[in-house]
Amino acid sequence: MTSGSMLREAIRAGSLAGLAMIPVAAIFRARGLRVNEYGRKTLELLVGDVAPALHFSLTFVQHLVISVLAALPLILVFERFFGASGERRTRILVGAAYGAGFYVVMNSLALPLAFGDPTPWALGFETVYPSLAIHLIYGAVLGWAVRPGNRGERS
């Protein structure tokens, strides 16, 4: 897979996976649970306080950019270890594991450390499970959506 085709695949599959997270996040948020804590904090750090409509738009764009960038490592793994023969069920399971790992490394450890916050683990299960579930969905949908070798095969 060329770097150009890998980027196109990351845009396609990463965007689909990123969009799949949104309804579940909305449900958790409607229930008063903490989601997108670090997306919000990062956006505020980058652009400051902005009008609600602009904030919504920028949050959406930021979310898709992160979803695409986060897709690249998994696409590399699939390309390296699965090639064009990766079975969809396996890709979904590997993707879900990737989503869980991404949550643990980035959202539960690196970002809280970077922002000087306690980890979600220290705050309790109600803080852990919404974001973990959303990242599991992201990874599973990413695994489902990625086309091994980007040759258009569907298994």
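For the numbers below, each heavy atom of this structure counts, side chains included, while hydrogens, waters and symmetry mates do not.
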Exercise for review: For residues 94-106, pull every pair meeting salt bridge (charged side-chain N to carboxylate O under 4.0 Å, His left out), keeping only residues two or more places apart or in separate chains.
Suggested key: none

Exercise for review: Please report the C-alpha distance between E9 and V146 in whole Å, then the side-chain angles of each, then the deciding distance to 0.1 Å, and finally whether the side-chain contact (heavy atoms from CB on, under 4.5 Å) criterion is met.
Suggested key: CA-CA 7 Å; E9 187 65 7; V146 166; 4.1 Å; yes

Review point. Rounded to the nearest 0.5 Å, what separation is found between the CD atom of Q62 and the OG1 atom of T42?
Key: 6.0 Å

Review point. Out of curiosity, M6 CE to I11 CD1, how far, rounded to the nearest 0.5 Å?
Key: 12.5 Å

Check your understanding: Which pairs, with at least one residue in residues 104-113 and sequence neighbours excluded, count as a salt bridge (charged side-chain N to carboxylate O under 4.0 Å, His left out)?
Key -> none

Exercise for review: Find out whether N36 and R29 are in side-chain contact, i.e. whether some heavy atom of one side chain is under 4.5 Å from a heavy atom of the other.
Suggested key: yes

Exercise for review: Please collect all salt bridge (charged side-chain N to carboxylate O under 4.0 Å, His left out) contacts where either partner lies in residues 54-64, sequence neighbours excluded, each pair once.
Suggested key: none

Exercise for review: Heavy atoms only: give me the nearest A100-L136 pair and the separation to one decimal.
Suggested key: CB-CD2, 3.7 Å

Check your understanding: Is there a path of hydrophobic side-chain contacts, each under 4.5 Å between heavy atoms of I, L, V, M, F, W or Y residues, that connects M106 with L113?
Key -> no

Revision key, fill the gap. Heavy-atom closest pair (F78 atom, G143 atom, distance to 0.1 Å) is CE1-CA, 3.9 Å

Check your understanding: Side-chain contact, heavy-atom cut-off 4.5 Å: W144 with R91?
Key -> no

Practice item. Apply the test side-chain contact (heavy atoms from CB on, under 4.5 Å) to residues L111 and E37: give CA-CA distance (whole Å), side-chain angles for both, the deciding distance (0.1 Å), then the verdict. Key: CA-CA 10 Å; L111 289 168; E37 180 73 10; over 6 Å; no

Review point. What distance separates L132 CG from T127 OG1, expressed to the nearest 0.5 Å?
Key: 12.5 Å

Point to revise | For P130, the option from V24, I27, V35 that meets side chain to side chain contact (heavy atoms under 4.5 Å, CB included) | key: V35

Check your understanding: Should R147 and R12 be marked as a side-chain contact (heavy atoms from CB on, under 4.5 Å) after you check the CA-CA gap, both sets of side-chain angles, and the distance that decides it?
Key -> CA-CA 10 Å; R147 294 183 292 212; R12 189 190 65 74; 3.1 Å; yes

Check your understanding: Shared ILVMFWY cluster between L45 and L58, side chains joined below 4.5 angstrom?
Key -> no

Ignoring hydrogens and angles, write down the donor-acceptor pairs under 3.5 Å from the side chains of residues 115-122, residues two or more places apart or on other chains.
residue, atom, partner, partner atom, Å
D117, OD1, K41, NZ, 3.2
D117, OD2, Y38, OH, 2.8
D117, OD2, K41, NZ, 2.5
T119, OG1, W121, N, 3.4
T119, OG1, A122, N, 3.2
W121, NE1, S108, OG, 2.8

Check your understanding: Taking C-beta and beyond as the side chain, do L74 and V94 meet within less than 4.5 Å on heavy atoms?
Key -> yes

Exercise for review: Could you pull out the closest heavy-atom pair between V141 and A20, with the gap in Å?
Suggested key: CG2-CB, 3.7 Å

**Study point:** salt bridge (charged side-chain N to carboxylate O under 4.0 Å, His left out) contacts touching residues 119-131 (sequence neighbours left out)
**Key:** none

Counting only pairs under 3.5 Å, give me each side-chain donor-acceptor contact of residues 63-70, with atom names and distances, residues two or more places apart or in other chains.
residue, atom, partner, partner atom, Å
H63, NE2, G18, O, 2.7
S67, OG, H63, O, 2.8

Review point. Among the clusters formed by ILVMFWY side chains lying less than 4.5 Å apart, do I75 and M21 turn up in the same one?
Key: yes

Review point. Ring centres of F28 and Y129 under 6.0 Å apart?
Key: yes

Check your understanding: Does Y138 share a hydrophobic cluster with L76, counting links as ILVMFWY side-chain heavy atoms below 4.5 Å and allowing steps through other members?
Key -> yes

Check your understanding: Under a single-linkage definition using a 4.5 Å side-chain heavy-atom cutoff for Ile, Leu, Val, Met, Phe, Trp and Tyr, are L109 and V128 assigned to the same hydrophobic cluster?
Key -> yes

Exercise for review: Please assess F60 against L19 for the test side-chain contact (heavy atoms from CB on, under 4.5 Å), listing each intermediate value before the final yes or no.
Suggested key: CA-CA 9 Å; F60 181 73; L19 290 171; 3.8 Å; yes

